Structure formats: structure tokens, C-alpha cells
Colleague: 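Pasting a structure below so you can have a look.
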Protein chains: 2
Amino acid sequence: MPGTLTWQWIAAEARRRVAVRQWPPGSRIPDEAQLAAEFGCARATVNRALRELAAAGLLVRRRRAGSFVAELPVRKATFEIQVIRQEIAARGLRPGYRLLEAASLPVPAPVRDLLGLAPGTPFRHLRALHLADDRPFCLEDRWLNPATPGLEGVDFAAVSANEWLVRNRPFSSGTIAFFALAADPGLAALLDCRPGEALFAVERATFAGADPITAVRLTYGPGHRVTAPI
Amino acid sequence: MPGTLTWQWIAAEARRRVAVRQWPPGSRIPDEAQLAAEFGCARATVNRALRELAAAGLLVRRRRAGSFVAELPVRKATFEIQVIRQEIAARGLRPGYRLLEAASLPVPAPVRDLLGLAPGTPFRHLRALHLADDRPFCLEDRWLNPATPGLEGVDFAAVSANEWLVRNRPFSSGTIAFFALAADPGLAALLDCRPGEALFAVERATFAGADPITAVRLTYGPGHRVTAPI
DNA sequence: GCCGTTATTATGTCTGCACATATTGCCCCT
DNA sequence: AGGGGCAATATGTGCAGACATAATAACGGC
């Protein structure tokens, strides 16, 4: 055991003790100082290991109270949100892009609520199709704040709004939602599927601080799956 | 600036510098020692801050090369996977549960591939309906390794397999996938919706080390959304 | 001029110490 | 017995210094 130190080893050992019920769910585990003594390392090293396990949902830590094994551990799955072009390339396909529509319109009510806007606010509305090996991959339907800095003069026929935003307005906060959707005739024609077919869709709303930047719905072609390791 | 230290302040300041293009995408940022000098703190503190930003996808760090602002930052959305009963309770609804079917059957091919099993392996097959305020919420269709320790004698009419596993075989690894699905007549009857309606579904495969534990598909009622902050 | 070896450098991690902070539980006062 | 205040305690974070490691850049031999 000594010699193989590092916080990762300690984290793995703690995981093992939880898995074999040496530290049963709900129980309090020895405090950092005790573990540091047992493993023959500094308390900071134990702290690093346990902090990691708490972030993973395995432990619950409370000041003065101690560290406890989670009763009903909340597992966390982390999905990576890439630029769509990269998402397509990662599947070994050739990405393509076609702008369908660009206009300035008053935002519809659902988007208004999502972004917290006043009724009648004009936003830029964009619809574009992302292609993989020349076949429809996903429809991007976006409402974009016209006050976004740097927006004037951008040609969204050449660069997708998706990619322009990631490059130019990155690091914003927001929410993401996944859901299922039946293809209406228009969607079916665009995504090359049967009307009524079940499609997978993602909606994102993003903000820079309190300022709304964009709301987007990405509707994927039939059979699309989003996966992540647990 | 001095006095307000903590790694969180440094992380926020670094985020700001990236956002205002003081540190443009792709550029190399000053190294930890320089930043520590600038902020008047220890290198370990800067390290903690930058490590956090790298985990968030904002920075890319390479030994000897330095820290760089990500070109196309890969945003990460973290979904919490709760026990279904808690998921229902969190929506302010009364959770219910009904076991529909329990049998020992040879695993079908798709599940076999997912879990890496030999053909003809017998697994325990469970189907159960989770209810919210007595209305169908989600159908659980599960294949469970009969060799799972502690499994014998568990009454899955009283406890959902979902919850039993989280309590008794937690902390396993695996994969999760989200996708859309059209309701077949059987599903439609169970989930109280129209046949052909688009439904949201989740598939998980979980392992303890290399040993397969379970494969499960959760098919949610119409209109279900899964959301996460970014 | 090309290629393999070596030195340099920035990050990754550990140690040992210190103080801050949030609770909890005990004690004391009423 | 009950309630409020205080001290004990475990985590959270900070500092300075050190060595490990990986990847690059510089160098030297052929």
C-alpha cells in the first residue's frame, strides 16, 4: 500500500471500501486525519481524494459532521456538447450545412418565456439544416438576440450560428433539455423521414449573465441516440 | 484584488478574461507561476482554479506546453440520475409502482451485445410500471444478472429493481443513452397514450468491474423532458 | 541537413503547516 | 426541564517548498 500513493489510489481504495460494504451506505467514514495516518500521507491528499468522490455523488461531506457514504447515490452522467459539425465528423461522416431561412421576427411565446423577454421583442430567427454525407442530420431552429455583440455582418449562410456562437460568445450559462417529438410533415420532408416518426430533440437556452443570447431547438433525424459514460 | 483571494475568485477572473477576449481562444495564458505572482497567492491556489476551468472545458492544459484557451470549447451538461421514485416525488407527485412481469428468460440479441453475454444466457426479466399520482409515468423493462449477489429472496413486487439496485449494487460503471421511440400498441396501452406517439426513452447498461449487472430501458410517458443546467 | 539525445520548462502532485468556517453537542443558567 | 451560548471538531482553504513527469526546444553527431 505505501509506495503506490497518490490521491487517485486513495480514491480508488475508498470506492472499493464502499463497494464491499466495509463502509456501508449512510455510515460515517473515518475523518481525513485518521485516513491520512492510515495511508501514511498528508491530509491534503486525502482531502483531494474525498472531494473527488463527493463530486461524483458517492460521499456526502458536512463540516464538523464528517463524511458519509451516500444512502441513495445520485449518479451523474456528463454529456459533452460539441459543435454539430464536430459531432458529425466524430461519427466519421462528412459535415455539410445549408441555411434555410433568416429573418427578424417577434419571438413566439414559448421562446419568450424561456428567455424571459417582453412580448413583441424582435429576434433574429434562423433555420438551417446540418448534413452528414449529404443526408439530413439535424435541423437547427434558432432565435438569436440581435443585440449580441459582433453579430452585424456575420453571414450565417457560410458559418452556422451554432459554430459562430461557440467561437464568439462562448462560456455562457443556460439550460438544456432533451425530449421526443413526432415529425410533422414539414420536418419529415426536411429530415427525410416519415411524418409522425418519433424524433429526438434538444432545446437550449443560453445567457451571458442575465442577458439572453439565444434559444435553439435541434431536431435530429430518426434513430439518433445521445450516449454518455456513467 | 488582494484580500478577495480564494481559488474561486481566481477562476472567476480567468473566466472574465476569456469572455472579454483578454485571453482569446487558442491563445496561451500566463503560466501558473506568473499568475500566482500577479494575484499575490501561492501557485497551488492558481493550480486549483485553472484545474477547475480545464475540467469545465474552458481551458486545455498540457505539461511543459502551458494552458490554452479552448478553440471550440466542449460544453458539458451533467444530468443527475435519481431513483425513479425520487424523480417523481421531486415533481411534487405521489409515486406508485406496479410489477407487471417477472421471469427467467434467455436474453435477446440487442441486450446480449450491450452486456457482452454469450447467446442463450438466462437472465431475470422484469417489467414494471412507475406511477405518478396513479397515472403511468414510466415503464421499466429490465434484464438482470441472476448471479447478482443478494438477489435471491428479493420481492420485486414490493421494491422496484431500480431502487433495490441503487441501494444494494451501487457505484458501478456503465453507459447511458437517450433516444426517441414511437409507442407501439402495447406501450400505448400501458402509458396511456396514442399508438405511434413519440416517447422519450433511456437505456442504461451497468457493470461491476467487468461483470454485467443489468440492462434497462425506461420509456417515459408523453411530453417527458429531461433537463440540466449548463 | 537530418535525426536522436539532452536540457529545459510548465504542469501535476505531495508534504506539513496554518487558519477559516460551519456545525454539533455539551454545559450552564434560568 | 428547557433554552441559549460556547467550545470542540471536521472539513475547506490557504501557503511555501519540493520532486515527478511529460513534452518541447535546443543541441550535437553523423
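Order of the sequence lines sets the chain letters (A, B, ...), proteins ahead of strands, with each chain counted from 1. These numbers come from a predicted model, not from an experiment.
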Colleague: For A:Arg28 and C:dG25, give me the distance from atom CZ to atom C1', rounded to whole Å.
Modeller: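 Taking atom C1' of C:dG25 as the reference, CZ of A:Arg28 is at 13 Å.
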
Colleague: What integer distance in Å separates A:Leu35:CG from D:dA10:C1'?
Modeller: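 That distance rounds to 12 Å.
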
Colleague: Just the atom pairs and distances: protein N or O near nucleotides 16-19 of chain C's N or O, under 3.5 Å.
Modeller:
from, atom 1, to, atom 2, distance (Å)
C:dA18, N6, A:Arg43, NH2, 3.3

Colleague: Once you round it to whole Å, what is the distance between P of D:dA10 and CD of A:Gln34?
Modeller: 8 Å

Colleague: For A:Arg127, which residues count as a side-chain hydrogen bond (donor to acceptor under 3.5 Å, both in side chains) partner, sequence neighbours excluded?
Modeller: A:Glu101

Colleague: In chain order, what residues pass the ring-ring contact (aromatic ring centres under 6.0 Å, His included) check against A:Phe137, with sequence neighbours excluded?
Modeller: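 ring-ring contact (aromatic ring centres under 6.0 Å, His included) list for A:Phe137, sorted by chain: A:Tyr220, A:His224.
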
Colleague: Grab the CZ-P distance between A:Arg61 and D:dT9 for me, whole Å please.
Modeller: 18 Å

Colleague: Could you state the CD-P distance from B:Glu32 to C:dT13, rounded to the nearest angstrom?
Modeller: 11 Å

Colleague: Contact list please: residues 45-54 of chain B against DNA chain D, heavy atoms, distance less than 4.0 Å, in numerical order.
Modeller: B:Thr45, B:Arg48

Colleague: Among all residues two or more places apart in sequence or in another chain, which pass the side-chain hydrogen bond (donor to acceptor under 3.5 Å, both in side chains) test with B:Arg112?
Modeller: none

Colleague: Taking only side-chain nitrogens and oxygens of B:Ser67, does any of them come within less than 4.0 Å of OP1 or OP2 of C:dA10?
Modeller: no

Colleague: Taking it one step at a time, do A:Thr206 and A:Arg169 satisfy side chain to side chain contact (heavy atoms under 4.5 Å, CB included)?
Modeller: CA-CA 10 Å; A:Thr206 63; A:Arg169 292 287 105 201; over 6 Å; no

Colleague: Please identify each residue that fulfils side-chain hydrogen bond (donor to acceptor under 3.5 Å, both in side chains) with A:Arg85, with sequence neighbours left out.
Modeller: A:Glu163

Colleague: Once salt bridge (Lys or Arg N to Asp or Glu O under 4.0 Å) is applied, what residue pairs with a partner in residues 139-150 of chain B remain, sequence neighbours excluded?
Modeller: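 Output for this query lists B:Glu140-B:Arg142.
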
Colleague: Is the ring pair A:Phe39/A:Trp9 parallel, tilted or perpendicular, if the boundaries are 30 and 60 degrees?
Modeller: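 Aromatic pair A:Phe39/A:Trp9 classed perpendicular.
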
Colleague: Cut-off 3.5 Å, no hydrogens considered: what does the side-chain donor-acceptor table look like for residues 148-158 of chain A, sequence neighbours left out?
Modeller:
from, atom 1, to, atom 2, distance (Å)
A:Thr148, OG1, A:Asn145, O, 2.6
A:Asp155, OD1, A:Ala157, N, 3.0

Colleague: Expressed as a whole number of angstroms, how long is the span from A:Trp9:CH2 to C:dT13:P?
Modeller: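 Whole-Å distance recorded here is 17 Å.
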
Colleague: Going by ring-ring contact (aromatic ring centres under 6.0 Å, His included), name the residues that satisfy it together with A:Phe79, two or more places apart in sequence or in a different chain.
Modeller: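 Expected list: A:Phe178, B:Phe79, B:Phe178.
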
Colleague: Do any N or O atoms of the protein come closer than 3.5 Å to N or O atoms of nucleotides 23-28 of chain D, and which pairs are they?
Modeller:
from, atom 1, to, atom 2, distance (Å)
D:dT24, O2, B:Arg64, NH1, 3.3

Colleague: Provide the full list of side chain to side chain donor-acceptor pair (under 3.5 Å) pairs with a residue in residues 58-70 of chain A, sequence neighbours left out, each pair given once.
Modeller: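 Only A:Glu32-A:Arg61, A:Arg61-A:Ser67 qualify under side chain to side chain donor-acceptor pair (under 3.5 Å).
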
Colleague: Which residues satisfy the side-chain hydrogen bond (donor to acceptor under 3.5 Å, both in side chains) test with A:Arg98, sequence neighbours excluded?
Modeller: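 For A:Arg98, no residue satisfies side-chain hydrogen bond (donor to acceptor under 3.5 Å, both in side chains) once neighbours in sequence are set aside.
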
Colleague: Looking only at side-chain N and O atoms, does B:Gln8 come under 4.0 Å of OP1 or OP2 in D:dT13?
Modeller: yes

